[in-house]
Each structure stands twice: as C-alpha cells, then as structure tokens.
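Each ligand, and each atom within it, is numbered from 1 in the order the structure gives. Position 1 is the first residue of the sequence; numbering continues from there.
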Amino acid sequence: MTEKDFVLSGHLELKDEGKVGYKAPSNIALVKYWGKKEGQIPANPSISFTLSACATTTSITFKKLSKPTGQYSFDLLFEGKPKPSFHPKIETFFKRIDPFLPFLKHYHFNIETSNSFPHSSGIASSASGMAAMALCLMEIERMHLPAMEEDLFLSKASFLARLGSGSACRSVEGPLVAWGNHEDILESTNLYGIKYPFDMHPIFNNYHDTILLVDKGQKQVSSTVGHDLVNGHPFSEQRFQQAHSNLTRLKTILKEGNVKEFIKVVESEALTLHAIMMTGDPYFILMKPNTLEIINKIWKFREKSGSHVCFTLDAGANVHVLYPQNEKEKVNQFIVNELVAYCENRQYICDQIGGGAVKMKV
Ligand code: DP6
C-alpha cells in the first residue's frame, strides 16, 4: 500500500458521537531502528517482538462540534488526571495525521489513557501510547466505513502510529513485526509495520522478556536527539548496512530456532545502538554501571549453565532479559538471585511476547 491508499476520498456523513477503546502493547526491537529521515521514515529496517504485559489502554469519546474552529479540540486524562504536558505531543500528532483523517477538526475528543507499567519506570510509553491512539482513531474511521478491509485497517493504524512515534508502528500486531524496506521481505515498507511473513520456530513462542529497571528516571537522551545524532555520524552508512544483513541473518535463525545465533545478533544490535551513541557528536553513555554488571552476570551465567538467556537494550540503562519458555524457571531463579540487586528498588517487570493490540469494550 502507498500513502495515497490511506487518504480518505469522498464525503463522510459524520456521526454525532461515540466512544472507542484499544489496549496496545509495547515492543522490544531485535534489530534496532536508530536513525530516521524527514517524515518519520526509518534509515534502516527493524524487527521487534511485540510484548504483552507492558501496554497502554486508551479510550476516546468523540462528539461532533456544532461550529468547528479549524483547531483541534481535545481533553486528556492520563491515569485519571489532566496532563497538560502531553498536549503538544498530541497536537503535533494530529497535525501529522490530519491529511489522512479529515474528520479530526470536526470533533471534540475526550482522551483517557493509562499505562500498565509505572510512569516512572524509565519505560517509554510512546510506542504503546501512539499505537493505542492510532487504533482508536482508526476505529472512528471504521464506524463511518464499516466495509473497510481488516488489512487496510491494520496497515493504516500502523501508518498513523508511525507518524506519532516510529517504533509505535510495530505495536499494532504481533508476535513479530518488521518495519522498513528490506530486500528479502517483499511486503516490507518504510510506511508501516507488517506482521513477520515467514515461519517462526516454536522455540520463540512465549519467549520471555524480563525488564530490569536499572534507572527509572527520565530518559537522558530523547529519541529525537538520538535519531538526529545518527545523521552525519561517521559510522552510519555501515550501521544501516549492518541492520539489513542482521535482518537477513535473523530470517534463517527465526526459521531454524537457532537460539545461539539469535543471541549473537540481538546482543550485538543492542551494543551497536549504544556504540553509535558513544561515538557521536555529541557523545553519550546511556548505560549505568549496573547495566554492565548485569550484562557480565548474564554472560557468566550463560557460560556456566548452558542457558540461552540473552539481553537487549533500548536507548537507556534498563536491561531486557530474553529467554525461551523452557528455561523460565532456571532463568527466573538466576534473575532473582543475581540480577535484581542491580535494579532500582529491586524493581523489574515480567513480560513476554504477545499477539498485538486488542479492542476494548467501551
Ligand atoms: C531505541 O520510536 O522512540 O527504541 O520515531 O522519534 O518517536 P521516534 O523514536 P522512537 O525510537 C526508539 C528507538 C529504539 C529502538 C527501536 O525500538 O527500534
């Protein structure tokens, strides 16, 4: 599908009012999206596990304005309270998606949103938050166009979510989502995330992600600054090529269930993301001493026990510990005995691979 397919044509007879709701999960990238071009176009393809426990639930009540003002009209409650600091982000999001949802300026929206994870966990809610909001808005569109194909609904929801936050386009479906043009994935596109179209070995079913909260503070470097730093970075071209070849490697790994090779790709991707940040201008170290302690403990444990546990990182200090279902008990013991001590207030979140966003009864 192209951008044109997402533009609504013809006249919509607008409904007076209604309510919609969605719960959208977070996701964790195996091959990282880091670097983007104008219009939220990724500099390289990425792939992620959709999560299930970490999620945002959003409902939108919409009411037709008797006199549209040409401005966006909305109220927002975050965890039950007004949150004016979110308004500019939503305003920007609405502006970007306006050409594709012409009804936006004709309604007043009451947006209520909450996260399943604590706000101060250092876990970014932009992926799940933007995905939930995009799905709600698509549901409003579908109320007007009930014959809409499911495929178009999901692709456009992901497309809109991308315009809110790049990684959000990978939070609509599950369990594995690819985003960005890739030579070996015919259906792949820079415009939206697609459900991974190839075989996935059963070892990856129910894969676990225990998120160790090493630093619960605000992100030290915003995604915007991070992505910007990749533009003009001396290693960026090689990095983009590497992401392409890592995705090619993963295709075979995911099919064959080669967990040893999976570990190599996933850990290398995480460290590369951080290496790019360390070698940029300006440069940043996003890990904390405890991040490194945890990584070293994981490596030692793997060597000693033969386990297939591995780690990945986002653009921050928290560590995502990934492992297959059949090692759950052994790895959980290890986490509690050896890793939790490195978390802020011993806090961590148990998550696992999930099936994507779900519509809420409202
Ligand atoms: C490090 O999606 O937060 O999590 O498009 O500017 O909103 P924007 O960036 P964002 O970037 C997150 C990148 C990452 C890696 C990944 O999820 O692929």
Side-chain angles (χ1 to χ4, degrees), residues 24-51 54 56 86 88-90 92-93 95-97 121-134 158-172 174 176-180 182 188 190-194 196 209 211 215 218-231 233 236 239-240 242-244 246-247 250 265-278 280 284 286-287 291 311-320 322 351:
S26 185
N27 69 75
I28 180 67
L30 305 172
V31 171
K32 307 289 180 184
Y33 150 58
W34 205 234
K36 64 178 172 183
K37 303 175 207 160
E38 182 74 29
Q40 298 274 96
I41 296 298
N44 63 260
S46 60
I47 186 166
S48 52
F49 275 155
T50 305
L51 296 178
C54 288
T56 300
F86 280 9
K89 218 172 173 186
I90 292 175
T92 305
F93 179 50
K95 264 188 209 139
R96 287 185 191 161
I97 63 177
S121 58
I123 298 185
S125 58
S126 58
S128 52
M130 287 298 172
M133 187 118 86
S158 171
F159 170 85
L160 298 177
R162 183 199 105 232
L163 293 171
S165 175
S167 57
C169 78
R170 300 188 314 238
S171 273
V172 171
L176 261 174
V177 176
W179 168 42
H182 187 271
S188 64
N190 285 338
L191 298 181
Y192 51 89
I194 58 160
Y196 183 68
D209 177 5
I211 308 162
D215 182 14
Q218 271 268 307
K219 271 195 190 173
Q220 185 195 334
V221 177
S222 72
S223 301
T224 312
V225 172
H227 286 291
D228 242 18
L229 190 144
V230 185
N231 294 330
H233 189 289
S236 60
R239 160 60 199 151
F240 302 149
Q242 181 198 40
H244 278 265
N246 278 343
L247 200 42
L250 265 186
V265 172
V266 168
E267 292 191 345
S268 155
E269 273 289 321
L271 294 176
T272 301
L273 168 69
H274 283 252
I276 291 283
M277 296 303 284
M278 285 189 215
F284 300 97
L286 303 180
M287 294 188 208
T291 312
F311 71 86
T312 186
L313 307 164
D314 267 340
N318 294 338
V319 182
H320 290 249
L322 304 178
D351 210 334

Q: Report yes if Ser167 has an N/O atom closer than 3.5 Å to an N/O atom of ligand 1; otherwise report no.
A: yes

Q: Considering distance alone, does some N or O of Ser165 sit under 3.5 Å from an N or O of ligand 1?
A: yes

Q: Is a donor on one side and an acceptor on the other found under 3.5 Å between the side chain of Ser171 and the backbone of Ala24?
A: no

Q: For atom 16 (C) of ligand 1, which candidate among Glu269, Arg170, His227, His274 provides the closest heavy atom?
A: Arg170

Q: Please walk me through it: do Leu30 and Thr312 pass side-chain contact (heavy atoms from CB on, under 4.5 Å)?
A: CA-CA 7 Å; Leu30 305 172; Thr312 186; 5.6 Å; no

Q: When you compare the side chains of Lys89 and Ser165, does any donor N or O come within less than 3.5 Å of an acceptor on the partner?
A: no

Q: Can you sort out which atoms of ligand 1 are near Gln40, meaning under 4.0 Å from one of its heavy atoms?
A: 5 (O)

Q: May I ask you to decide if the ring planes of His182 and His244 are parallel, tilted or perpendicular, using 30° and 60° as cut-offs?
A: parallel

Q: What pair of heavy atoms forms the shortest contact from Asn44 to Tyr33, and how long is it?
A: ND2-CA, 4.4 Å

Q: I need the atoms of ligand 1 closer than 4.0 Å to a non-hydrogen atom of Ala29, numbered in the order shown.
A: 16 (C), 17 (O), 18 (O)

Q: Against heavy atoms of Trp34, which atoms of ligand 1 measure under 4.0 Å?
A: 1 (C), 13 (C)

Q: Please name the pair of heavy atoms, one in Pro42 and one in Gly180, separated by the smallest distance, quoted to 0.1 Å.
A: CG-CA, 4.2 Å

Q: Judged on heavy-atom distance to atom 6 (O) of ligand 1, which of Lys89, Met277, Lys36 sits nearest?
A: Lys36

Q: Purely on distance, is any nitrogen or oxygen of Ser46 under 3.5 Å from one on ligand 1?
A: no

Q: Does ligand 1 have an atom under 4.0 Å from some heavy atom of Arg162?
A: no

Q: Near Asp314, which atoms of ligand 1 are under 4.0 Å from a heavy atom of that residue?
A: 4 (O)

Q: Would you say Asn246's side chain and Val31's backbone share a donor-acceptor pair under 3.5 angstrom?
A: no

Q: I need the nearest protein heavy-atom contact for atom 3 (O) of ligand 1: residue, atom name and distance, please.
A: Ser223 OG, 2.8 Å

Q: Hey, mind stepping through Arg239 and His233 against side-chain contact (heavy atoms from CB on, under 4.5 Å) and telling me if it holds?
A: CA-CA 10 Å; Arg239 160 60 199 151; His233 189 289; over 6 Å; no

Q: List ligand 1 atoms under 4.0 Å from Gly166, heavy atoms only on the residue side.
A: 2 (O), 5 (O), 7 (O), 8 (P)

Q: When you measure from atom 14 (C) of ligand 1 to every protein heavy atom, which one gives the shortest distance, and what is it?
A: Tyr33 O, 3.9 Å

Q: Would you say the side chain of Asp314 lies within less than 4.5 Å of the side chain of His320, judging by non-hydrogen atoms?
A: yes

